[in-house]
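Written out below as structure tokens is the structure these notes cover.
In what follows, chains carry the letters A, B, and so on, assigned in the order in which the sequence lines appear, proteins first and then strands, with residues in each chain numbered from 1.
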Protein chains: 2
Amino acid sequence: MRKGEETRNRILDVAEAAVLQKGFGGTSIEELIVETGITKSGFFYHFKDKNELAKALLNRYIENDERIYDEIFSRARDLMDDPLQSFLLGLKLLSELLSDLPNGHPGCLVATVCYYERLFDREIQETNRNAVLAWRRRFGRMFREIMEVYSPREPVDVDQLADMVSSVLEGGIVLSKTLKEPNTLAEQVLMMRTFVRMLFLPAIESPLVAFRHDQTYGVADGRHL
Amino acid sequence: MRKGEETRNRILDVAEAAVLQKGFGGTSIEELIVETGITKSGFFYHFKDKNELAKALLNRYIENDERIYDEIFSRARDLMDDPLQSFLLGLKLLSELLSDLPNGHPGCLVATVCYYERLFDREIQETNRNAVLAWRRRFGRMFREIMEVYSPREPVDVDQLADMVSSVLEGGIVLSKTLKEPNTLAEQVLMMRTFVRMLFLPAIESPLVAFRHDQTYGVADGRHL
DNA sequence: TGAAAACTGTACCGTGGGTACAGGAGGGGA
DNA sequence: TCCCCTCCTGTACCCACGGTACAGTTTTCA
């Protein structure tokens, strides 16, 4: 029971690293069992086929991903009361976490599955879709909270704004990996942060601001940091 | 000569569609020759191995990609003299082109290669890297032109800003494909457009703008965190 | 100590990537 | 007319890999 879980996780660890580098099709079960130090029979004891492995891999990845976002943004929430400042801090923390990764971000399994879709069953595709929708809900929720206090400088759709966070992350990973510039991803997150800050905070703080906006409480909150 | 080119292109067409749906590892030469209506020997007459196919595929894709951007942004340049307005129009045209794709964007080969890197030789990885660098140069050039006329509301690094256009495109493709929402990609491009507009255009057009700008620039910017 | 869990070992099958090579159709130039 | 070159087809074969089947062995833990 205990032992089984452990071996299973070791396989998943090895598989995840391999899949993110070579894709599912490029990762052979053979190499996984060699690196894990298990036999072929042992492998198929844990996963009845490659699709089953993919399913477990994706679910584990998504859970872990969610956990990380939970931690970061709840920590940011603890440090900042204002929803905007808290979100901005969250993006900062995220970018720091990303730039601390020694070899850069290894890649996103959601993207890997996206570019491999046809070979998986519907269940995996649905899981993947739900993961992206969860991001949308997560960031959407945060932006809605922000909008209860601040009004955006330009009209934006909350879901589209939330999606942009995901886009920049996914795209940043692709750029970072392709360019072999580990820092590019973190920089992109900070660019997104700039966008959000600019969207909700008035650029200049001066008494004149009050004349521009009906509501000025956002200004006061934004100033003290 | 003529005939050979034609067959070769037919193979590439079939291969591109397949690879974008299933990745390189998930695409078998067998299916390509069936769909192209050619024999295995015929296939290997044109491409000595799968790596060679990938190389041709990627080069063709990148060329085509560059051509599309050239067309869009040079058309925008013809219609608008101002570099900012021209760029904003370009993004609008791009988003329209993307939302006109009947089944959504089929996927980006650069991303596919990125998530498959280890199985290709250095040459392909370099080609891919150069493609992303070309995007950076392209958009960077445009932003530099813009900055000769407009000053950004917040300090930004030109390359990072240029990369963000690529990020949003790549990420938007992933989201769009995964969610099976063809329009999401076009919406993301428009969000990027909003960002650029907000960054360079003053939000409110009133005599106060000029006044505020000189006086208090920088107070609101990133001192926090 | 005994049953269930967690494997190992062996043998086998089909598919796919890839090689080798012989040969044929068709067009274009000498 | 002939020949050569391009563009293929056909056949045969090799190995790697995914996957199945199943018998046997060790480890764990209740």
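- When each of B/Phe73, B/Tyr69, B/Phe195 is tested with B/Phe87 by the rule ring pair (Phe, Tyr, Trp, His ring centres under 6.0 Å), just one qualifies, namely B/Phe73.
- By the 30° and 60° cut-offs, the orientation of the rings of A/Phe120 relative to A/Phe24 is perpendicular.
- Counting non-hydrogen atoms of other residues, nucleotides and ligands closer than 6.0 Å to CG of A/Asp81 gives a total of 12 or fewer.
- Distance CD (B/Glu30) to P (D/dC17): 19 Å, rounded to an integer number of Å.
- At least one side-chain nitrogen or oxygen of A/Thr7 sits closer than 4.0 Å to the OP1 or OP2 atom of C/dC7.
- The CD-P distance, from B/Glu31 to C/dG16, rounds to 8 Å in whole Å.
- Each side chain to side chain donor-acceptor pair (under 3.5 Å) pair with one or both residues in residues 190-200 of chain B, not counting sequence neighbours, appears once here: A/Glu154-B/Arg197.
- The stretch residues 44-55 of chain A comes close to DNA chain C through A/Tyr45, A/His46, each having a heavy atom under 4.0 Å from the strand.
- We find that CD1 of A/Ile38 is positioned 17 Å from P of D/dT26, with the value rounded to whole Å.
- For the pair A/Glu6 CD and C/dA5 P, the computed distance is 18 Å after rounding to whole Å.
- Rounded to an integer number of Å, the gap from NZ of B/Lys40 to C1' of D/dC13 is 10 Å.
- Between the side chain of B/Ser41 and the base of D/dG10, at least one donor-acceptor pair of N or O atoms lies under 3.5 Å.
- A/Ser28 comes within contact range of the sugar-phosphate backbone alone, with a heavy-atom separation under 4.0 Å but no base atom that close.
- In this structure, of D/dG18, D/dT9, C/dG9, it is D/dG18 that holds the atom nearest to the side chain of A/Ile29.
- Put simply, the side chain of A/Val168 does not reach to within 4.5 Å of the side chain of B/Glu170, judged on heavy atoms.
- For the pair B/Ile33 CD1 and D/dG10 C1', the interatomic distance rounds to 12 Å; values are reported in whole Å.
- Just one residue in the list B/Arg144, B/Arg141, B/Arg136, B/Arg138 forms a salt bridge (charged side-chain N to carboxylate O under 4.0 Å, His left out) with B/Asp159, and that residue is B/Arg144.
- As a whole-Å value, the separation of B/Phe43 CZ from D/dG10 P is 17 Å.
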### Query
Can A/Glu52 and A/Lys48 be said to form a salt bridge (charged side-chain N to carboxylate O under 4.0 Å, His left out), step by step?
CA-CA 6 Å; A/Glu52 205 70 23; A/Lys48 77 168 208 277; 3.4 Å; yes

